[in-house]
Amino acid sequence: MKIKAINGFKDILPEEVVLWQHIEAKARDIFRRFCFQEIRLPILEKTELFARSIGEATDIVEKEMYTFTDKAITMRPEATASLLRGFIEHSLHVKQPVHRLYTLGPMFRHERPQKGRLRQFHQIDAEILGATEPGVDAELMAMGQLLLTELGLAASLEVNSLGCKECRPGFRENLVQYLNERQDGLCDDCKRRTHTNPLRVLDCKKADCKKLVQDAPSILDSLCAKCDVHFSAVQRSLDNLNVEYKLNPFMVRGLDYYTRTTFEFTTNDLGSQSAIAAGGRYDGLIEQLGGPKIPGIGFALGIERLVLLLLDKEDSEKVQQSTIDIYIAALGDEAIHFSSALIQSLRVKGISAAMNFSGRSLKSQMKQAGRLQAKHTLIIGENELANHEAVFRNMNTKQQESISIQGDFETQSSRLIDRLNDTNDYSDLYQSIKI
RNA sequence: GUGAGCGUGGCUCAGUUGGUUAGAGCACCUGGUUGUGGCCCAGGAGGUCGUGGGUUCAAGUCCCAUCGUUCACCCCA
């Protein structure tokens, strides 16, 4: 019986990895422009870290975490908690007032897999720590938008404010009261949510609930003066940066630590999973985790979801895949022996080169060279060894010529590289492929 | 946790009202004159039809169970 990957865990095959690298490279480039530094974090953390940050009563903590109960250790379901733990543990705040950090890697949640949702999934996570100014909120959203735009993806940005610990409890109370008075009009899930997570009702997709919620008390009307000023300023800043957004007073977060500004980049092209990136401000969290009183804001992107969107794009999203510089077709044991030394010498000098040790027919080896998209092929057989002249073939033009294989491998490889440089049009070294 | 759908060679799928050695395309290998790729042609290798029961003279084709998987709910990136 064959061993397969476990449910919700997926192999990312070489063809698709090209896309991943494209996404990651683009993200790193954007982060560079916005002055973010990378931080690498462990995948395992103490369970308590997530319980305290994400919230004991959230679905994530309650039933979706991969936990080694005997060791009180959990595989991270998200990145922010770990990042803050690291930030606090190393007292990074003393080095400079504001930190801009990003990290990327696998996250783990034990949910039922479906389209755009895996048990091991990957996120790109960006956080700004130590800045409370609304302009920073806008800047972060602008960065997310730019990343998506440069990846060729259209997503809409929805923005909301969840208030702070001053104003949210009051709002929550009003909302629960409103919902309690209208239980009959709610779906079963929302009846439950009224008690477990009333804000969630605002986000229900059922038509009846949606209608009912339209007239519910609005969080935006309930903000305290400070939150209101902050949120207005965020919106002004977004306008100032030409970031398009939609106000969505019904948007809610699944993690408890969010305060004030929250936002979500969404798309309609992902089936039931509409969020491709989401985040918000969490001003009390660092302190709550035992750190200094420092505000923070951040967001996470789901890489799998980006990949799905890029794969779906019919207008041939093209990603560059490198080809190899030269393929050596060796005929006969002697030639194979010789070629293996020559190819090593080429590789030492930075050339990507392939050969085949099986001694198959020239036709078969040429076929393989073609499959590898080799720019050139060097043919070496008995005759060539005897004459010290190999056949050098340009795979695009099909032109062939003799090239000397005299001297030691050092001089031979140098000669070959000169030859490659002569004919190489470097724009052709990469060939666009559609995945 | 709940619901629905699907499980045939590496991939995408055909397989008529159950009936001889289970097919196709793609991919792979070998040939199409002696040492040359991407097209074409020919041939070849590769499947206990997810697994286990049952019905039947006979099951990939019907029934049950089980496992796997997909999508949706829930939740979320």
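Chain A is the first sequence line, chain B the second, and so forth, proteins listed ahead of strands; every chain is numbered from 1.
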Would you call A:Glu139-A:Arg100 a salt bridge at under 4.0 Å N-O? yes
C1'-based separation of B:U17 from B:A58 [nearest Å]: 15 Å
Polar pair under 3.5 Å, donor/acceptor by atom type, side chain A:Arg193, base B:C75: no
In whole Å, measure the gap between the C1' atoms of B:A14 and B:G47 for me. 15 Å
Specify the residue among A:Arg117 and A:Arg253 whose closest nucleotide of RNA chain B lies further upstream toward the 5′ end. A:Arg117
Classify A:Arg360 by what it touches in the nucleic acid, base, sugar-phosphate, or nothing, heavy-atom distance under 4.0 Å. sugar-phosphate
Heavy atoms under 4.0 Å, any strand shown: does A:Ile303 hit a base, just sugar-phosphate, or nothing? nothing
What string of B, S and - do you get for nucleotides 3-9 of chain B 5' to 3' if you count protein non-hydrogen atoms under 4.0 Å? B------
Contact between A:Phe265 and A:Leu301 at the side-chain level, heavy atoms closer than 4.5 Å - yes or no? no
Could you tell me if the side chain of A:Tyr102 sits less than 4.5 Å from the side chain of A:Glu127, heavy atoms only? no
The contact string for nucleotides 31-39 of chain B, one letter per nucleotide 5' to 3', using protein heavy atoms under 4.0 Å with B, S and - for base, sugar-phosphate only and none, comes out as -B--BBBB-
May I ask you to say what A:Gly279 touches in the nucleic acid, namely base, sugar-phosphate or nothing, with a heavy-atom cut-off under 4.0 Å? nothing
Does any donor-acceptor pair link the side chain of A:Glu62 with the base of B:C75 at a separation under 3.5 Å? no
Is A:Glu45 paired with A:Arg76 through a side-chain N to carboxylate O contact shorter than 4.0 Å? no
Expected output check: what is the dot-bracket annotation of RNA chain B, where ( ) and [ ] are pairs inside the strand (brackets for crossing ones), | is paired with another strand, and pairs are Watson-Crick or G-U under 3.5 Å? (((((((..((((.....[...)))).(((((.......))))).....(((((..]....))))))))))))....
Centres of the A:Phe87 and A:His99 rings: under 6.0 Å? yes
How is A:Lys4 classified with respect to the nucleic acid when contacts are heavy atoms under 4.0 Å: base, sugar-phosphate, or nothing? sugar-phosphate
